Amino acid sequence: MEIESGISCSGSNNKGNGNGKQRVIDNPSGGIDYISNLPEAILLCILSFLPLKEWIKVSLLSKRWKYLWTKISNLKLDEVEMITNIIKKDISCPLCGKFPSQVSSCLCLDNATCAGRRKFADFVDRMLLLHSGYTINNLRLSFLYDPQDGYTKRIDTWVCYALRSNIKELELNFSDREYLKFLDKKGLAVRWADPHQPYELPHGFFKPKMLETFVLTFCKFRASSFNTFSSLLRLHLKRLEVLDGSIEHITSRCPVLEDLILEYCLIPDGYFVSKVDIMIKRLSIVHCASKDMLRLDISTPNLLMLTIVEKYLKSASIRKATELIDARISIYAISAHNADGHALNSLLNGLNHCQSLTLSTYCIRVIPMESTLLQRLHIPLQKLMRLRLIMGISKRELPRISCLLMSCPVLESLTLVLSGPMAIYRYEFPSRTMYNIDEENWESQIRQFPCLKTSLKEITVTELMGRRNEVQLIMFFLKYAAVLEKVTFSLCGPNKYLSYSPDKVTSFRENLSQMFDFIRGSIQAEIKIDGESYPNVV
């Protein structure tokens with residue numbers, strides 16, 4: 001039986017008869033197996049969405065499906081996923097012969113888990129062997145490394161295969177605490193890897209030609225082991241011990257690199273110091289440490305996005321960042337030699353072309369201020385259109401917020417996050433300091449805020465409680481922002497009020513009500529609180 005095939009897909013290994021017709025397999029029950037007659041490229045695409053355990057089941061459907069799964073170009077070889085799916089069904093304890101459960105002894109669970117690991121390692125060996133010579137779009141290998149379990153040589157073989165094959169996206173993960181927690185919930189015992197002995201990538205002077213994305217988690221990374229990543233666009237290093245090299249060394253061996261991300265890495269001193277131009281487009285540095293405090297001194301003429309989340313900053317300088325679009329900065333401790341914030345001020349000077357900026361409360365507090373109460377930054381943020389501040393409206397913050405606003409002449413959007421200094425990084429450290437804006441006498445300096453008169457169109461305030469200083473700051477903007485169009489408030493959750501007395505909570509609500517009937521400086525300005533609109537009073 002034959003049917004017309006209207007599907008054309010490049011890369012398919014199915015061959016028609018020249019007239020676009022395909023042979024259709026009859027189902028023994030009398031139906032037609034249309035799925036098996038789809039082009040191979042479409043079948044492979046369908047298989048790529050299935051979990052690992054389903055690939056094996058599919059291979060039993062027919063002769064055509066038997067080896068089809070070996071051609072899948074997206075491989076997710078996840079030890080934990082495989083073990084949790086098969087250990088309770090296919091693997092029994094070698095000692096007692098029983099299948100493990102949550103009530104089994106720790107010894108049975110541990111023995112079954114070890115057997116599952118061996119089965120997973122054998123499966124990886126077979127999968128990589130069957131894919132030899134094929135181009136792999138995406139390979140993710142996740143394996144909980146333990147130097148005492150005897151798998152080091154096999155892991156070396158897997159890594160060498162991955163770095164010498166035609167792979168476009170590669171992720172190697174040798175430890176994941178979330179997976180360990182997941183195993184524990186499933187009632188499976190796993191020996192924790194020694195955190196002081198992470199896996200070290202083998203020395204091979206690798207030169208992957210097709211690799212575009214490389215994500216590496218929990219291991220020792222030696223840049224000198226690699227030659228050139230000629231196609232690498234994105235490098236993401238997480239919880240690594242970087243043994244040598246620098247940002248200059250990395251970018252010199254990755255000529256087309258666009259994204260560089262380092263999270264919780266131990267790096268050599270001076271890693272982010274370079275005299276030559278670093279041509280990346282996106283740079284993210286999150287909680288990296290070295291023997292000395294972080295020093296940042298780079299020239300980035302192509303940089304579009306910058307994220308810095310650090311505890312200490314000894315010095316910072318970003319040069320030639322003329323294309324910068326978005327910067328997110330949180331540095332919540334400054335070295336003793338820069339206690340007044342000169343390191344941060346130097347960093348802000350290099351961001352003067354930035355269009356969108358996020359600062360946490362600690363950054364706001366250390367912006368240098370001279371004897372003048374209200375002043376501009378040394379180099380104004382002439383292109384800044386979007387400013388996001390994570391703040392507590394403390395006495396130290398208010399004059400520096402004023403300083404920032406004076407330094408942003410074309411600011412269009414202002415976002416105030418009032419949940420405390422660490423909110424941007426999923427922590428919370430709320431401030432209960434009450435400091436009124438009246439004391440700063442902002443109204444007498446209104447001419448010093450050009451953005452209020454000509455550009456500020458949108459204000460967003462989140463985690464609003466209704467404290468007096470919050471409401472005063474908001475009412476100042478409502479009164480003097482002449483072209484304001486939209487004001488959006490999001491009230492904080494009920495838990496924020498638990499530490500206050502009922503009378504205090506009542507006063508917060510009364511403070512909030514003042515904004516509803518307040519005559520605003522812009523006729524167009526409309527307030528929305530949790531989605532409910534309050535038009536202007538004329």
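Here the structure is a predicted model, which is why all the values come from computation and not from measurement.
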Ring center gap for F174 and F218 short of 6.0 angstrom
no
Is there a donor-acceptor contact under 3.5 Å from the side chain of E458 to the main chain of E412?
no
To the nearest 0.5 Å, tell me how far K220 NZ sits from S225 OG.
12.5 Å
Are any of the side-chain heavy atoms of E169 and L139 separated by less than 4.5 Å?
no
Would you confirm whether E310, through its side chain, and H287, through its main-chain N or O, come within 3.5 Å as a donor-acceptor pair?
yes
Polar side-chain atom of S252 near backbone of H249 as donor-acceptor pair, under 3.5 Å
yes
Using side-chain contact (heavy atoms from CB on, under 4.5 Å), reason through L266 and Y271 one step at a time and then give a plain yes or no.
CA-CA 10 Å; L266 180 62; Y271 189 85; over 6 Å; no
Is it the case that the side chain of T488 and the backbone of K528 share a donor-acceptor pair, with hydrogens and angles ignored and the cut-off at 3.5 Å?
no
Are F221 and F226 an aromatic pair, judged by ring center distance below 6.0 Å?
yes
Test your reading of the model: is there a side-chain donor-acceptor pair from S402 to the backbone of L398, 3.5 Å cut-off?
no
Hey, are K314 and D292 close enough for a salt bridge, meaning a charged N less than 4.0 Å from a carboxylate O?
yes
Knowing that exactly one of L216, V215, N173 qualifies, which makes a side-chain contact (heavy atoms from CB on, under 4.5 Å) with K238?
V215
So, for L128 and L77, which heavy atoms are closest and what is the spacing to 0.1 Å?
CD2-CD1, 4.4 Å
Ignoring hydrogens and angles, tell me if any N or O in the side chain of D269 forms a donor-acceptor pair with the backbone of K291 under 3.5 Å.
yes
I'd like to know if R222 pairs up with E200 as an ion pair, taking the criterion as any Lys NZ or Arg NE/NH1/NH2 lying under 4.0 Å from an Asp or Glu carboxylate oxygen.
yes
From CA spacing to verdict: salt bridge (charged side-chain N to carboxylate O under 4.0 Å, His left out), D259, K281:
CA-CA 6 Å; D259 296 6; K281 294 183 178 180; over 6 Å; no
Heavy-atom closest contact (E470 atom, L464 atom, distance):
OE1-CD1, 3.2 Å
Please check if the number of heavy atoms outside K320 that lie under 6.0 Å from its NZ is greater than 12.
no
Go through N345 and L347 one step at a time and tell me if the side-chain contact (heavy atoms from CB on, under 4.5 Å) criterion holds.
CA-CA 5 Å; N345 191 46; L347 178 59; over 6 Å; no
Shortest non-hydrogen separation from E323 to P301 and the atoms involved
CG-O, 3.4 Å
Are H353 and Q382 side-chain neighbours, meaning at least one heavy-atom pair lies under 4.5 Å?
no
S231 side chain to K209 backbone, donor-acceptor under 3.5 Å
yes
Could you give me the CA-CA distance, side-chain angles and deciding distance for I280 and T251, then say whether side-chain contact (heavy atoms from CB on, under 4.5 Å) is met?
CA-CA 8 Å; I280 58 178; T251 54; 3.9 Å; yes
Spatial distance of atom SG (C219) from atom CD1 (I155) [nearest 0.5 Å]
10.5 Å
Exam field: side chain T300 to backbone L303, donor-acceptor pair closer than 3.5 Å
no
Is the distance between the ring centroids of Y151 and F143 under 6.0 Å?
yes
Measure the CG-CG distance between L359 and L404 for me, rounded to the nearest 0.5 Å.
6.0 Å
With the threshold set at 4.0 Å, does a side-chain nitrogen-carboxylate oxygen contact exist between E526 and K486?
no
With a 3.5 Å distance limit and no angle check, can you tell me whether S165 reaches the backbone of I167 through a side-chain donor-acceptor pair?
no
Heavy-atom closest pair (S346 atom, A316 atom, distance to 0.1 Å) is OG-O, 2.7 Å
Within this structure, what is the OH-CG distance for the pair Y264 and L240, rounded to the nearest 0.5 Å?
14.5 Å
D297 with R319: basic N within carboxylate O range, under 4.0 Å:
yes
Between atom CG of L418 and atom CZ of F489, what is the distance when rounded to the nearest 0.5 Å?
9.5 Å
Stepwise side-chain contact (heavy atoms from CB on, under 4.5 Å) test for I298 and L283
CA-CA 11 Å; I298 54 176; L283 175 62; 3.7 Å; yes
Mind checking the OG1-NE2 spacing from T217 to H236? Nearest 0.5 Å is all I need.
7.0 Å
Do the side chain of S407 and the main chain of L377 share a donor and acceptor less than 3.5 angstrom apart?
yes
Minimum heavy-atom separation for M391 and L473, please, with both atom names.
CE-CD2, 4.1 Å
Using the salt bridge (charged side-chain N to carboxylate O under 4.0 Å, His left out) rule, take D326 and R328 through it: C-alpha gap first, then chi angles, then the decisive distance, then the call.
CA-CA 7 Å; D326 181 65; R328 304 178 185 186; 3.1 Å; yes
Show your reasoning for whether salt bridge (charged side-chain N to carboxylate O under 4.0 Å, His left out) applies to E258 and R282.
CA-CA 6 Å; E258 295 183 354; R282 285 163 287 271; 3.4 Å; yes
Is it true that, when you exclude H378 itself, more than 12 heavy atoms of the residues, nucleotides or ligands shown sit nearer than 6.0 Å to its NE2?
no
Residues A481 and S522: closest non-hydrogen pair is O-CB, 3.4 Å
